[in-house]
Q: 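First the structure, which I've put down as structure tokens, then a few questions once you've had a look.
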Amino acid sequence: MSLICLADFEAYAKENLPKATWEYYAAGADECYTRDDNLQGFRRIRLRPRMLRDVSVMDTKTTVLGEDISCPIAIAPTAFHCLAWSDGEMSTARAAEALKLLYVASTYATCSVEEISQAAPEGLRWFQLYVYRERKLSERLIRRVEALGFKALVLTVDVPYTGKRRTDIRNNFQLPPHLKVKNFEGVFEGHSGPDNYGVPLNTLDPSVSWKDICWLRSVTNLPIVIKGILTKEDAELAVVYGVQGIIVSNHGGRQLDGELATIDALSEIVEVVQGRIEVYLDGGIRTGSDVLKAIALGAKCVFLGRPIVWGLTYKGEEGVKGILQILTDEFRLSMALSGCRNISEVNRNLIHVAKL
């Protein structure tokens, strides 16, 4: 089967995954308006390409928190990769390492951080973290990833409670018995009550607040990136509280339905941050021109969520490499056709402002 774009991988995954698994990955909250608007937001933006720019030599390299990556495309933290492919997150990590791209490992991985590190020892890795009622749970995870050479923590802040994902409720979605949230293996031994995506109910702390950024900074020297910011007010607070980066994210439309598409939220955040910390974006990236638009509007890098799972479903590591290579090639082509030879030439002048 010839898969030449991300939509082809999506169609393959939809056809080949069990229905409940596909709907778990695909689900948005409530009526899925925000999930769908993440994609439509990019379609509303038009580009202003420049001509006769000598694009015979192209360079897509950039940095994130001072670390080199081959292209401003990275892998977002998504859960349960072993549902799509037997090696799960280990295959994902190997693909990122092969293409010299960043991979953010999820707390809710079905491979442990140790297995992920061993699978791709030279890869650039960050770790996605939640704040739990029992702070020691978070702290133990931090100590493990520090020892394994992870380069940053990505604190997800938009899940004080889990959004209402109707398909998961209808399907009574559960991890199959042979899979576990491996980073918590043995932690909840003997628990027999209800769980929430493989972890006991009420483990996450809904009282989490900005003061917990101070706590987090007190227990680690790793850079902190906050994932889930959608407003300039919270972006300014992120700067004040001393984090190193923001991921403009609405959790793939899986939390609050009706909130802003991430690409629509990006500009006001970039404007208020004024380069004091790095700003990234996830949600709705499906083509190289989507990447170009996000970078032009001020994102340092974009993160892929669902498409990585589609790649895993196809052929594991090979499929994820295929997804990443296609998007990298499309981005390079979009740059060239817009007259941009390197990342520094991708800027706001590319965007037709009347269409924002």
Side-chain angles (χ1 to χ4, degrees), residues 63-69 74-79 81 89 92-93 96-97 101-109 111-117 120-121 123-160 181-184 187 199 203-205 207-230 234-235 237-249 251 269 273 276-282 299-305:
T63 62
V64 285
L65 298 183
E67 300 279 350
D68 294 331
I69 54 175
I75 299 177
T78 51
H81 287 192
E89 290 85 1
T92 306
E97 180 186 60
L101 297 174
L102 166 66
Y103 168 41
V104 183
S106 171
T107 288
Y108 285 77
C111 299
S112 68
V113 287
E114 289 80 10
E115 290 170 327
I116 290 167
S117 299
L124 175 60
R125 296 181 302 278
W126 295 354
F127 180 71
Q128 177 250 1
L129 182 75
Y130 291 95
V131 175
Y132 298 99
R133 292 175 188 267
E134 174 52 66
R135 294 292 189 271
K136 289 294 182 185
L137 285 179
S138 300
E139 195 168 340
R140 285 197 290 268
L141 286 170
I142 292 167
R143 296 290 169 253
R144 287 166 66 185
V145 300
E146 285 174 335
L148 291 166
F150 284 69
K151 298 296 186 181
L153 297 175
V154 176
L155 180 66
T156 297
V157 296
D158 56 2
V159 192
V181 179
K182 287 293 287 290
N183 290 318
F184 289 131
V187 173
V199 172
T203 304
L204 291 174
D205 189 352
S207 76
V208 64
S209 69
W210 287 101
K211 72 179 188 299
D212 290 292
I213 304 299
C214 300
W215 165 77
L216 192 55
R217 291 178 61 208
S218 76
V219 298
T220 184
N221 291 319
L222 288 176
I224 297 167
V225 175
I226 296 183
K227 176 180 181 288
I229 300 297
L230 287 172
D234 283 341
L237 283 168
V239 175
V240 169
Y241 277 85
V243 305
Q244 283 68 47
I246 290 168
I247 302 179
V248 179
S249 174
H251 218 97
I269 290 171
V273 165
R276 291 174 289 173
I277 60 177
E278 294 188 356
V279 177
Y280 319 108
L281 175 138
D282 71 18
K300 181 76 168 170
C301 179
V302 302
F303 287 83
L304 289 185

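We're numbering straight along the sequence, starting at 1.
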Q: Hey, mind stepping through Leu155 and Ile213 against side-chain contact (heavy atoms from CB on, under 4.5 Å) and telling me if it holds?
A: CA-CA 9 Å; Leu155 180 66; Ile213 304 299; 3.4 Å; yes
Q: Distance-only, no hydrogens or angles: does the Glu278 side chain make a donor-acceptor pair with backbone N or O of Leu65 under 3.5 Å?
A: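 Checked: pair present.
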Q: Checking the side chain of Glu89 only, and the main-chain atoms of Cys111 only, is there a donor and an acceptor separated by less than 3.5 Å?
A: yes
Q: Stepwise, does the side-chain contact (heavy atoms from CB on, under 4.5 Å) test hold for Asp234 with Trp210?
A: CA-CA 10 Å; Asp234 283 341; Trp210 287 101; 3.9 Å; yes
Q: Please walk me through it: do Leu141 and Phe184 pass side-chain contact (heavy atoms from CB on, under 4.5 Å)?
A: CA-CA 9 Å; Leu141 286 170; Phe184 289 131; 3.9 Å; yes
Q: Glu115: which residues meet the salt bridge (Lys or Arg N to Asp or Glu O under 4.0 Å) condition with it, sequence neighbours left out?
A: Lys182
Q: Parallel, tilted or perpendicular, judged at 30° and 60°: which one describes the rings of Phe303 and Tyr280?
A: perpendicular
Q: Distance check, rounded to the nearest 0.5 Å: Thr156 atom OG1 versus Gln128 atom CD?
A: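 One gets 3.5 Å once the value is rounded to the nearest 0.5 Å.
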Q: Can Arg125 be said to sit on top of Tyr103's aromatic six-ring, NZ or CZ under 6.0 Å from centre and within 45° of the ring axis?
A: no
Q: How far apart are the closest heavy atoms of Thr92 and His81, and which atoms are they?
A: OG1-ND1, 2.9 Å
Q: Between the side chain of Ser138 and the main-chain N/O of Tyr130, is any donor-acceptor distance below 3.5 Å?
A: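 It does hold such a pair.
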Q: Salt bridge (Lys or Arg N to Asp or Glu O under 4.0 Å): which pairs involve residues 210-220, sequence neighbours left out?
A: Arg135-Asp212
Q: Got Ile226 and Tyr241 here, is their nearest side-chain heavy-atom distance under 4.5 Å?
A: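 Contact flag for Ile226/Tyr241 side chains = no.
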Q: What residue pairs, at least two apart or across chains, pass salt bridge (Lys or Arg N to Asp or Glu O under 4.0 Å) with a residue in residues 142-158?
A: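 Those involving residues 142-158 are Glu114-Arg144, Glu139-Arg143, Arg143-Glu146.
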